[in-house]
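A note on names: the letters A, B, ... follow the listed sequences, proteins ahead of strands, and every chain is numbered from 1. Just the heavy atoms: all of them, side chains too, but no hydrogens, waters or symmetry mates, feed the values below.
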There are 2 protein chains.
Amino acid sequence: MKHSFYPFIILAITCLHARAQQTIQEKLGYAKDAKLLILHADDLGSSHAEDSASIYLLEHGDVSSGSIQVPCPWFSEMAAYAVKHPGADLGIHLTLTSEWKYYKWSSVAGEDKTQSLLNANSFFYDDLDSLGKQANLKEIETELRAQIDKAINAGIHPTHLDAHMGCVFFTKDFLKIYLKLAHEYKLPCLLNVAAFKMVYGVDISDLITDKDAVTDNVFMAFPPASVESRAAYYTNIFNTIPQGLNCILLHAAYNDDEMKAIAVDHPDYGAAWRQADFDFFSSDACKKALAANNIHLITWKEIKDKLIQ
Amino acid sequence: MKHSFYPFIILAITCLHARAQQTIQEKLGYAKDAKLLILHADDLGSSHAEDSASIYLLEHGDVSSGSIQVPCPWFSEMAAYAVKHPGADLGIHLTLTSEWKYYKWSSVAGEDKTQSLLNANSFFYDDLDSLGKQANLKEIETELRAQIDKAINAGIHPTHLDAHMGCVFFTKDFLKIYLKLAHEYKLPCLLNVAAFKMVYGVDISDLITDKDAVTDNVFMAFPPASVESRAAYYTNIFNTIPQGLNCILLHAAYNDDEMKAIAVDHPDYGAAWRQADFDFFSSDACKKALAANNIHLITWKEIKDKLIQ
């Protein structure tokens with residue numbers, strides 16, 4: 001998920017959706033006042049720098065979950081990892097944009113079926129505005145379905161759905177397709193009423209049903225969050241995290257030649273920015289702050305098994 | 001071009017094709033006994049490690065030419081380079097295989113139009129044998145045409161055609177498509193009668209016409225050529241190079257994390273193997289050996305301008 005927004009904003013927004021009397025913590029088998037957290041690594045499959053850093057975090061228990069971009073060049077690396085590690089909590093990072101300057105990807109369903117989603121060079125658009133202006137809804141559904149099917153065909157058992165750069169949260173019509181697919185494939189999906197309203201201007205409260213597991217709070221460091229203050233940013237979230245189901249979206253990669261080249265002429269979300277996420281979540285300070293605040297790391301698979309299927 | 005073959009073989013094969021009395025050197029404006037050489041970097045666009053190493057060689061005059069893989073993740077990096085450097089001698093490295101384990105690519109024309117070229121995961125096959133067994137000729141033509149058109153659409157003015165892993169040299173029917181496209185787009189293409197016969201078992205002598213510029217000799221280091229002996233291998237070629245039109249196919253990349261990850265579990269043509277090509281062709285020893293043997297570096301564009309168009 002990515003979006004230009006206020007500097008260093010903290011998306012700590014209480015969900016407005018009317019919920020059943022039992023809290024989501026209780027439904028999941030935790031105490032009523034538990035502080036649950038999904039530490040979620042985005043953008044898996046997008047590069048080897050991202051994959052190798054994120055796999056390190058998954059294998060060391062530093063993050064609890066991640067999601068994979070099916071149209072991207074390193075998708076097969078993550079698919080092979082998922083097959084070898086069936087316990088890893090991996091979902092589909094639904095993708096309808098290709099934001100880097102020289103490192104591009106295109107649709108899985110094929111150009112003929114997704115022409116409205118592609119630019120003159122047959123790649124996904126760089127940005128959400130272009131997608132919003134051009135996209136045909138039927139083609140979005142075709143493409144997202146193709147991405148989920150390709151992941152399943154490659155041996156991945158996805159635990160959830162979410163979206164790269166929030167592409168499916170961009171309009172209410174996009175969101176309806178996202179929810180339709182989540183219900184059809186019986187997968188939980190990232191949902192937050194207040195955050196979607198604030199960032200995308202979309203009110204999804206009337207779309208939510210009992211089938212959906214809604215995240216109470218979503219947090220993400222947005223550029224120009226400084227690399228130097230990253231640890232303070234996340235530590236502050238841990239120290240003040242509310243009761244309920246929380247999710248932190250992070251983007252871990254190594255600050256190496258590949259990642260630097262990918263992010264060339266792209267001031268936001270670059271190599272050093274991603275290394276800072278890796279550095280914090282792999283640190284002892286992170287583990288200590290989680291423990292000091294009695295935060296329970298959980299997975300999307302728990303939500304899938306207990307609330308969806 | 002790539003093919004498992006005899007260790008460290010030297011493809012120094014005199015062309016068997018009957019040629020006009022005037023030598024190709026004379027047709028190109030050189031002395032009858034000139035030793036012409038195209039130093040050609042393969043696999044541009046396949047990775048940033050390959051692009052950055054090859055661009056270094058092109059910019060320092062260490063190689064004279066290269067060719068770009070259109071279906072690959074870093075195609076746009078090379079397309080942008082071509083647009084900014086119209087004098088660079090860049091052709092299309094026609095691609096019908098995706099040989100690495102976790103770093104994959106697929107057709108440009110789209111899955112629906114190229115199903116016979118793709119495996120169960122919708123990527124190109126890993127190897128030529130699978131391609132040869134499954135490929136529909138019409139779909140090969142569709143795909144190769146799509147690759148050339150996409151390159152031109154991106155602003156590249158290709159100077160020539162050749163082929164990744166020699167995919168279009170694999171059968172005579174494939175070669176007919178290659179020649180048909182070269183003639184149609186008025187581009188010279190890599191051709192060598194004896195080499196194709198030896199490596200692929202295909203006799204193309206009856207396919208060659210006056211429209212074609214045939215390379216007298218093609219050289220390439222094949223695995224398991226050792227990294228340590230690479231300089232001696234190329235220096236020996238320079239010291240014994242015949243008169244006529246010669247071409248050395250090389251594969252330069254940096255031995256970095258990206259390239260190592262690309263080549264994982266793939267014993268041949270890996271990161272160190274490609275670094276060895278970079279190290280030799282960027283060396284003073286290479287320049288001295290070329291000069292000592294009075295070898296003229298030429299480009300495919302010279303051939304295109306003087307013999308084809």
For this session: Examine distances only and state if a side-chain atom of B/Asp112 and a backbone atom of A/Glu111 form a donor-acceptor pair shorter than 3.5 Å.
Result: no

Seminar exercise, completed: Highest number of heavy-atom pairs under 4.5 Å with chain B among A/Asp51, A/Val264, A/Asn121 belongs to A/Asn121

Exercise. With ring centroids as reference points, do A/Tyr102 and B/Trp74 lie under 6.0 angstrom apart?
Worked result: no

Exercise. What part of B/Ala49 lies closer than 4.5 angstrom to a heavy atom of chain A: side chain, backbone, both or neither?
Worked result: neither

Exercise. What part of A/Asp256 lies closer than 4.5 angstrom to a heavy atom of chain B: side chain, backbone, both or neither?
Worked result: side chain

For this session: Evaluate whether atom NZ of B/Lys301 has more than 12 neighbouring non-hydrogen atoms of other residues, nucleotides or ligands under 6.0 angstrom away.
Result: no

Exercise. For A/Val108, is it the side chain, the backbone, both, or neither that has a heavy atom closer than 4.5 Å to a heavy atom of chain B?
Worked result: backbone

For this session: Examine whether an atom of B/Phe123 lies under 4.5 Å from a heavy atom of chain A, and if so say whether it belongs to the side chain, the backbone or both; otherwise answer neither.
Result: side chain

For this session: Using non-hydrogen atoms and a 4.5 Å limit, figure out which bit of A/Lys104 sits close to chain B: side chain, backbone, both or neither.
Result: both

Exercise. Under 3.5 Å, is there a donor-acceptor pair between the side chain of A/Asp257 and the main chain of B/His48?
Worked result: no

Exercise. Which bit of A/Ala120 comes within less than 4.5 Å of chain B, counting heavy atoms only: side chain, backbone, both or neither?
Worked result: backbone

In residues 131-138 of chain B, what donor-acceptor pairs under 3.5 Å come from side-chain atoms, sequence neighbours left out?
residue  : atom : partner  : partner atom : Å
B/Asn136 : OD1  : B/Lys138 : N            : 2.8
B/Asn136 : OD1  : B/Glu139 : N            : 3.0

For this session: To the nearest 0.5 angstrom, please state how far the CH2 atom of B/Trp100 sits from the OG atom of A/Ser76.
Result: 14.5 Å

Seminar exercise, completed: When rounded to the nearest 0.5 Å, the distance separating SG of A/Cys72 from OH of B/Tyr103 is 11.5 Å

Problem set entry | With B/Lys260 via salt bridge (Lys or Arg N to Asp or Glu O under 4.0 Å) - residues at least two apart | none

For this session: State the CD-CE distance between A/Glu258 and B/Met259, to the nearest 0.5 angstrom.
Result: 11.5 Å

For this session: Answer yes or no: are there more than 12 heavy-atom neighbours, outside B/His157 itself, under 6.0 Å from its atom NE2?
Result: no

